[in-house]
Each structure stands twice: as C-alpha cells, then as structure tokens.
Amino acid sequence: MNKIRRAFYQQNAVAAARGLIGAVLVHRVRGKEYRARIVETEAYVGPHDLASHSSKGRTKRTEIMFGPAGHAYVYLIYGMYDMFNIVAGRTGSGQAVLIRAAEPLGGWKADLTGPGKLTRALKITRSSNGLDLTGGRLFLLRDPNYHPRTKKAKRVGVDYAKEWKDALLRFFDAKSPSVSKQGLR
DNA sequence: GCGTCGATGGCA
DNA sequence: GCCATCGACGCG
C-alpha cells in the first residue's frame, strides 16, 4: 500500500471523496497506530456550496479550507464531536472532504460508523487541525487490492443548504456494513 | 423499530 | 442562535 500524495488531494473534492472510498486511514499517536478503511465520505465543493463551511468566507475557522490541499481540517460540532476533513482542490478554492465512516483494521475493534464516533475512536482532535497529511503522523494509504462498490447519495445533516441540500455528494461503499446510520440510501 | 430530545461549546 | 452528531428515551 502506498501513501497518498499531495497530487491526489489537489483533485477537486468530488474526485477526492470518491477516490478515498476503500483507502486506509492511519493515525500514529501516543505510541499506538490506528488503521481503518474509509467507507463513507462527503464532498464540500467550494464557497458556492451552501453546505460548506467555506461558504461563510475566510474566517479564523475556515481559513484552513482555503489553504493548500492535503491538510487536515478538524472542527468541533455540537459542543462535543470533532469532524475530520481533508482539504482538497486548488489552493484558495475552499474545498474539503469529510470522512464519515470507516472499518477498523488489524484486529482492532471499534465502532467507526459515524464521523463523531470515528474521530473519538481514532483519537483525532482539533489539535490536528492544519496537520499535513503527507507526513508520518496522520496519513492515508491507497489499497490496490481492495475494490469498493461505491455508490452516491445526499449528504447528511445539511437540510439548511437550500438548493445544495439534495446534491449527490456523499459516497459510500455498498459492500461495507459500517456505513453511518443515516448512510444507507 | 421508529421519532424526539438534550448534551455541550465555539463561532459569527 | 445556530450547527457536516449521538445515544437515550418513550412509545404500545
């Protein structure tokens, strides 16, 4: 398995979100290594996408989304969950991919069937906001031997986003039992 | 197996 | 006053 390089993340968010289904997420923290296969993602395609945080413009929080691709965008939601995203596309385009669900690998048991549960189990927190994902701490691997059955659907929890709320920008592996609860449609 | 609701904090 | 969520409830 090869580490995913910056050129991959520099694709637009839709291509990156689709391409990350089946990839392996690796987090090395406090002497442990957690691995999980990504089975669900969502694309946030830029400031014109009313569901995207970048639609609020450049603020302290969204600044990272407008930076170079391949960096982590981690933010707090509902006062208690960290959401893990990957900045995508050209620098300044305000795109990102939300990692929504995964399956634990390597004999490790965990429930990763939702974006909040995933970050909690993998110990990904806001302290990793801005981290370069081409480094050795938090990164992704492409698995040439795994072939997901990728389907697309509406994004979850974005009913406020007007004409963008029904866009088919969520991708999931129909072979996986670990898609988030809201996920199977 | 559903729908509803409360927890909880950063942000604009 | 929102939220890119989750788990606990109450139902019958």
Side-chain angles (χ1 to χ4, degrees), chain A residues 9 11-21 23 25 27 34 36 38-67 69-89 93-104 109-131 133 138 140 150-173 176-185:
Chain A
Y9 302 116
Q11 302 176 94
N12 65 63
V14 173
R18 177 178 274 280
L20 285 175
I21 299 298
L25 175 61
H27 189 204
Y34 300 93
I38 293 170
V39 301
E40 185 179 356
T41 61
E42 282 177 358
Y44 290 84
V45 300
H48 56 296
D49 174 2
L50 297 179
S52 174
H53 289 178
S54 60
S55 69
K56 303 293 183 189
R58 286 182 185 253
T59 68
K60 182 169 187 183
R61 181 213 220 181
T62 64
E63 188 63 31
I64 185 70
M65 281 189 81
F66 290 95
H71 290 253
Y73 168 44
V74 188
Y75 66 90
L76 182 71
I77 189 70
Y78 301 118
M80 55 185 104
Y81 298 105
D82 289 303
M83 299 284 104
F84 173 51
N85 301 253
I86 300 172
V87 178
S93 65
Q95 304 180 54
V97 176
L98 170 65
I99 307 301
R100 284 193 58 85
E103 293 176 0
K109 296 221 194 298
D111 179 1
L112 310 179
T113 65
K117 290 190 280 193
L118 180 152
T119 53
R120 178 166 277 281
L122 283 163
K123 304 206 188 310
I124 296 172
T125 68
R126 278 166 292 153
S127 68
S128 290
N129 190 36
L131 191 66
L133 302 178
L138 179 60
L140 292 91
T150 303
K151 300 183 74 171
K152 58 184 165 185
K154 297 175 186 178
R155 292 175 293 185
V156 175
V158 297
D159 284 351
Y160 61 87
K162 303 188 177 170
E163 69 269 24
W164 283 90
K165 75 181 176 67
D166 295 327
L168 301 178
L169 293 174
R170 184 160 56 85
F171 299 91
F172 63 95
D173 181 1
S176 173
S178 301
V179 173
S180 73
K181 244 184 247 180
Q182 278 266 19
L184 292 166
R185 314 190 326 142

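In what follows, every chain begins at residue 1, and chains take the letters A, B, ... in the order their sequences are listed. Heavy-atom basis, side chains included; hydrogens, waters and symmetry copies ignored.
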Any side-chain donor paired with an acceptor under 3.5 Å for A:Ser52 and A:Ser55?
-> no

So what does A:Arg126 touch, heavy atoms closer than 4.0 Å: a base, only the sugar-phosphate, or nothing?
-> sugar-phosphate

Rounded to the nearest 0.5 Å, how far apart are CZ of A:Arg120 and CG of A:Asp82?
-> 8.5 Å

CZ on A:Arg170 to CD on A:Glu40, rounded to 0.5 Å = 5.0 Å

Residue pair A:Tyr73 / A:Asn129, side-chain heavy-atom distance below 4.5 Å = yes

Any A:Tyr44 side-chain heavy atom under 4.5 Å of A:Leu169 side chain = no

Tell me, for nucleotides 2-7 of chain C in 5' to 3' order, what letter each nucleotide earns: B for a base near a protein heavy atom under 4.0 Å, S for only sugar-phosphate near one, - for neither?
-> -BBBSS

Using Watson-Crick and G-U wobble pairs with both distances under 3.5 Å, what is the 5'-to-3' dot-bracket string of DNA chain B, with [ ] for crossing pairs and | for pairs outside the strand?
-> |||||||.|||.

Whether A:His48 and A:Trp164 hold their rings parallel, tilted or perpendicular, with breakpoints at 30° and 60° = perpendicular

List in chain and number order the residues that pass ring-ring contact (aromatic ring centres under 6.0 Å, His included) with A:Phe66, two or more places apart in sequence or in another chain; answer none if no residue qualifies.
-> none

Would you please test A:Leu112 and A:Tyr34 for side chain to side chain contact (heavy atoms under 4.5 Å, CB included) and show each step?
-> CA-CA 12 Å; A:Leu112 310 179; A:Tyr34 300 93; over 6 Å; no

